[in-house]
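Scroll down for the structure; my scribbles are underneath it.
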Amino acid sequence: MNLIIEFRAKPDKFNELYQTLQALLPTMRREDGCRESRIYRDVEDDDVFFISSYWADAEKFTAYMMSTGGITLLGAIDLLGKAVRVRMGSDSPWGGIEVLKRMRKKN
């Protein structure tokens, strides 16, 4: 399952968000089912980040979202980011951060 999360750093929160993402990336890569995970910055707008990851299946990603790392990722994006868009799967439409929050509520 392909996952893309796009978000903008809130004003004056760039450094905090950047450092949090740097710390989270290695732990995300070690999660069961994570095949690849990368963080990118938009070359035209430095405040925009993309997390691109590939998971063995949706269940593995859901398990990650229930873990400490997933909770931290969601919290960082929610607290330090804005204008969040999420796409789970290459054929799915874009959604908001609610997509990730609903995953946590189901379990």
Side-chain angles (χ1 to χ4, degrees):
M1 176 196 81
N2 292 319
L3 170 75
I4 299 173
I5 304 171
E6 175 187 335
F7 50 97
R8 172 182 298 283
K10 286 183 179 176
D12 301 323
K13 297 295 182 181
F14 174 84
N15 286 334
E16 190 176 351
L17 179 59
Y18 184 73
Q19 290 171 354
T20 302
L21 294 174
Q22 282 184 313
L24 286 172
L25 188 60
T27 60
M28 182 186 288
R29 287 179 174 157
R30 287 192 299 269
E31 285 291 321
D32 182 34
C34 182
R35 303 289 187 241
E36 181 179 339
S37 189
R38 298 186 181 274
I39 296 172
Y40 302 97
R41 282 178 63 193
D42 190 309
V43 296
E44 295 178 320
D45 187 342
D46 286 344
D47 289 338
V48 175
F49 290 95
F50 299 88
I51 297 175
S52 175
S53 59
Y54 180 73
W55 294 81
D57 53 49
E59 291 77 24
K60 298 289 186 185
F61 179 67
T62 300
Y64 169 71
M65 288 306 297
M66 300 304 293
S67 74
T68 302
I71 293 166
T72 305
L73 173 65
L74 183 59
I77 292 171
D78 203 22
L79 183 65
L80 306 171
K82 63 180 183 174
V84 180
R85 296 190 324 153
V86 177
R87 179 182 239 172
M88 295 178 62
S90 55
D91 296 332
S92 67
W94 286 95
I97 196 167
E98 301 80 27
V99 171
L100 301 177
K101 290 180 178 181
R102 277 194 305 265
M103 292 177 80
R104 292 199 34 80
K105 289 182 181 179
K106 288 182 182 178
N107 294 309

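Both backbone and side-chain heavy atoms feed into the values below; hydrogens, waters and symmetry mates do not.
When every heavy atom of Met66 is checked against every heavy atom of Met103, the shortest pair comes out as SD-O, 4.2 Å. Taking every heavy atom of both residues into account, Tyr64 and Gly69 meet most closely at OH-O, 3.3 Å. Annotation for Gly96 and Val86: closest pair O-CG2, 3.6 Å, computed over non-hydrogen atoms.
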Show your working on side chain to side chain contact (heavy atoms under 4.5 Å, CB included) between Leu25 and Ile51 and close with a plain yes or no.
-> CA-CA 9 Å; Leu25 188 60; Ile51 297 175; 6.0 Å; no
Could you give me the CA-CA distance, side-chain angles and deciding distance for Met28 and Trp55, then say whether side chain to side chain contact (heavy atoms under 4.5 Å, CB included) is met?
-> CA-CA 10 Å; Met28 182 186 288; Trp55 294 81; 3.8 Å; yes
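Between Leu80 and Phe7 the shortest side-chain heavy-atom distance does not fall below 4.5 Å. Side-chain contact between Leu73 and Leu100 is absent, with no heavy-atom pair separated by less than 4.5 Å. Looking at heavy atoms from C-beta onward, Lys82 lies in side-chain contact with Pro11 at the 4.5 angstrom threshold. Residues Ile97 and Leu74 are in side-chain contact: their nearest non-hydrogen atoms beyond the backbone lie under 4.5 Å apart. Taking the side chain as every heavy atom from C-beta outward, Arg85 and Phe50 never approach each other to under 4.5 Å.
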Can you give me every donor-acceptor pair (side chain of residues 12-23, partner residue at least two apart or in another chain, under 3.5 Å) with its distance?
residue, atom, partner, partner atom, Å
Tyr18, OH, Gln22, NE2, 3.4
Thr20, OG1, Glu16, O, 2.8

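For Arg41 (side chain) and Asp46 (main-chain N/O), a donor-acceptor pair under 3.5 Å exists by modelled atom type.
Remark: Arg8 engages Asp45 in a salt bridge (charged side-chain N to carboxylate O under 4.0 Å, His left out) (not counting sequence neighbours).
Annotation: salt bridge (Lys or Arg N to Asp or Glu O under 4.0 Å) contacts involving residues 18-32, sequence neighbours excluded, comprise Asp32-Lys60.
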